[in-house]
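Naming: A, B, ... by sequence-line order, numbering from 1 per chain. Just so we're clear, the structure is a prediction, and the values are computed from it rather than from any experiment.
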Number of protein chains: 2
Amino acid sequence: MRKFEQLGSLSEPEMQALWKAPVRFGHVRAHEDIVSEGQGLSESSLILDGFACRYKLLPGGMRQIMSFQIPGDFCDLQGLVLTAMDYAVGALTRCHVAFLSHQSLFQLFETHPRIAQALWKETLVDGMIHREWLENIGRRPAYARIAHLLCEMRSRLKAIGLAQDRQFELPLTQTDIGDATGLSMIHVNRTLRKLRADGLITFHANVVTVHDWKRLQSTAGFDPSYLQLQPIGSGKIGRAR
Amino acid sequence: MRKFEQLGSLSEPEMQALWKAPVRFGHVRAHEDIVSEGQGLSESSLILDGFACRYKLLPGGMRQIMSFQIPGDFCDLQGLVLTAMDYAVGALTRCHVAFLSHQSLFQLFETHPRIAQALWKETLVDGMIHREWLENIGRRPAYARIAHLLCEMRSRLKAIGLAQDRQFELPLTQTDIGDATGLSMIHVNRTLRKLRADGLITFHANVVTVHDWKRLQSTAGFDPSYLQLQPIGSGKIGRAR
DNA sequence: CGAATACTTGATTACCTTCAATACGCGTGG
DNA sequence: CCACGCGTATTGAAGGTAATCAAGTATTCG
């Protein structure tokens, strides 16, 4: 549970302060919502364990997933600064979640402004992922689109030690993948088979096995520097303060 | 140029401080970049006048537009906290731009932390727009997709006094609309004609005329509360501080 | 073990893209 | 002033990608 540390290179006293903040722990069953759309929030939730997704429902009942949240990700920092959520967060597996009250976060911001900045940064990274997905859904054909999603998830899961080079667990149904990529479940199925037939990956029992990482990456048009951020302290901000 | 005020309900002394900050003014010709991808920045740019867009180019030369920036919008707040831009910002028309150095912004944050929060909020609104676009591109057919884009732009332009009920200027080519919605220019053309034939809108010489707002909204699945945010001071944050 | 959920496969249809060619609008320069 | 060229818009035809419909199989879970 010491995943706070990935939060973004804070200094020792800042980490100390975070440890002392009151945290409520809880868990959410698979297929239940962690946060609902339209809700106003009084605490922010951080995934400690499990997979979740942000999504919206359309009038017709269709679902669009906007991002997957993995351990170490905040779900709803948006609710800290804005008064209503424009999306829901659903648990894809059983999730362990830490809830931090907004009040105590704001108190932390007073004494440790860099914590606010670290959280701001979190939301900016969300924005980067959204833009990557816009590019993906808007301009790539299904084959590359799914390949790209797999590249992204491998990359993000590796960063938190949940993926190996050749293999990682990805507890998504084909319906989930379809809702994330803007495709029908059926087409996802066929495309996965094609990826399999081409010797790029296999996806079975929630496990992705990468057979040809290089080719997967190139068909996806995946940029390996994706989300490889510089730590806060070493960049412009360090200088500016 | 007093569009700073839309920045998000800051108090008087905060506004005063903003006025005193050093600002560099400039302009960018149409079709030129305001910011390039991959760049590290030392100042943040705010559109005072004109239209711009955030975009990425794919290896094949395709372009995906992630959002349109209109007067009063920051283009690259991301560069304040992160060290490299993951997208470029291109001017669609001649743009007047204000550049605020990161250094002076960070100084402002020290004395007026709510300014930082207002900018954080700006980036969260960007995130909301991205998610709306993800839903749009991922799950709506071309007809509704373009209708939705028009609804959004009308709504945002109205908020800054640049749209009337029935008519507003939208200096986008059909290619731009295609790159924003993930469609081919040709299909945009045909879809616009269909919207015209159905009596919803006309789009000619960069002017959108709305003939049937209600029907446009309903075919788009547009939520009229989109981006209607509560001011910062009146929400949770006000209480928390 | 039975029901529910997830996956697979085939056939058909529709949406959207690509290719190709033409027309329009506008500023430049002859 | 008109010709020219360029970017933008328009239109038609052909083809491919992905959706929908329909039915059947495998898994998971209570």
Task: salt bridge (Lys or Arg N to Asp or Glu O under 4.0 Å) against D73(A), all qualifying residues, sequence neighbours excluded - done: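 Residues passing salt bridge (Lys or Arg N to Asp or Glu O under 4.0 Å) with D73(A): R156(A).
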TODO: Would you work out how much the helix from dC1(C)-dG30(D) to dG30(C)-dC1(D) bends between its ends, with each end axis defined by five base pairs, to 10 degrees?
DONE: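 Inter-axis angle at the ends, rounded: 40°.
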TODO: Only pairs at least two apart or in different chains count here, so list each salt bridge (charged side-chain N to carboxylate O under 4.0 Å, His left out) that has a residue in residues 81-92 of chain B.
DONE: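 Every pair satisfying salt bridge (charged side-chain N to carboxylate O under 4.0 Å, His left out) with a residue in residues 81-92 of chain B: R131(A)-D86(B), K56(B)-D86(B).
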Task: Pairs where residues 201-219 of chain B contributes a residue and the test salt bridge (charged side-chain N to carboxylate O under 4.0 Å, His left out) is met, not counting sequence neighbours - done: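 Of all non-adjacent pairs touching residues 201-219 of chain B, those that pass salt bridge (charged side-chain N to carboxylate O under 4.0 Å, His left out) are D212(B)-R215(B).
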Qualifying residues under side-chain hydrogen bond (donor to acceptor under 3.5 Å, both in side chains), relative to [X], sequence neighbours excluded:
{"X": "R140(B)", "value": "N136(B), H148(B)"}
{"X": "D126(B)", "value": "R54(B)"}
{"X": "S44(B)", "value": "H102(B)"}
{"X": "S218(B)", "value": "none"}

Dump every N/O contact between nucleotides 7-16 of chain C and the protein below 3.5 Å, one line per pair.
from: dC7(C); atom 1: OP2; to: Q174(A); atom 2: N; distance (Å): 2.9
from: dT8(C); atom 1: OP2; to: Q174(A); atom 2: NE2; distance (Å): 2.8
from: dT8(C); atom 1: OP2; to: N189(A); atom 2: ND2; distance (Å): 2.6
from: dT8(C); atom 1: O5'; to: N189(A); atom 2: ND2; distance (Å): 3.3
from: dT9(C); atom 1: OP2; to: R193(A); atom 2: NE; distance (Å): 2.9
from: dT9(C); atom 1: OP2; to: R193(A); atom 2: NH1; distance (Å): 3.3
from: dT9(C); atom 1: OP2; to: R193(A); atom 2: NH2; distance (Å): 2.7
from: dG10(C); atom 1: N7; to: R190(A); atom 2: NH2; distance (Å): 2.4
from: dG10(C); atom 1: O6; to: R190(A); atom 2: NH2; distance (Å): 3.4
from: dC16(C); atom 1: OP1; to: A142(B); atom 2: N; distance (Å): 2.9
from: dC16(C); atom 1: OP2; to: H187(B); atom 2: NE2; distance (Å): 3.2
from: dC16(C); atom 1: O5'; to: H187(B); atom 2: NE2; distance (Å): 3.4

- [ ] Considering only heavy atoms of chain B and a distance under 4.0 Å, specify the first and last nucleotide of DNA chain D in 5' to 3' order that meet this criterion.
- [x]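 That gives a stretch of dT8(D) to dA13(D).
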Open item on the list: For the residue pair R24(A) and F99(A), would you count it as a cation-pi contact if the rule is NZ or CZ under 6.0 angstrom from the ring centre and within 45 degrees of the ring axis?
Closed with: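 Yes.
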N/O donor to acceptor pairs below 3.5 angstrom from side-chain atoms of residues 28-35 of chain B, sequence neighbours left out:
from: R29(B); atom 1: NH2; to: E32(B); atom 2: OE2; distance (Å): 3.1
from: D33(B); atom 1: OD1; to: Y55(B); atom 2: OH; distance (Å): 2.8
from: D33(B); atom 1: OD2; to: Y55(B); atom 2: OH; distance (Å): 2.9

List the atom pairs, with distances to 0.1 Å, where a side-chain N or O of residues 192-200 of chain A and a protein N or O form a donor-acceptor pair under 3.5 Å, not counting sequence neighbours.
from: R193(A); atom 1: NH2; to: N189(A); atom 2: OD1; distance (Å): 2.7
from: D198(A); atom 1: OD2; to: Y143(A); atom 2: OH; distance (Å): 2.4

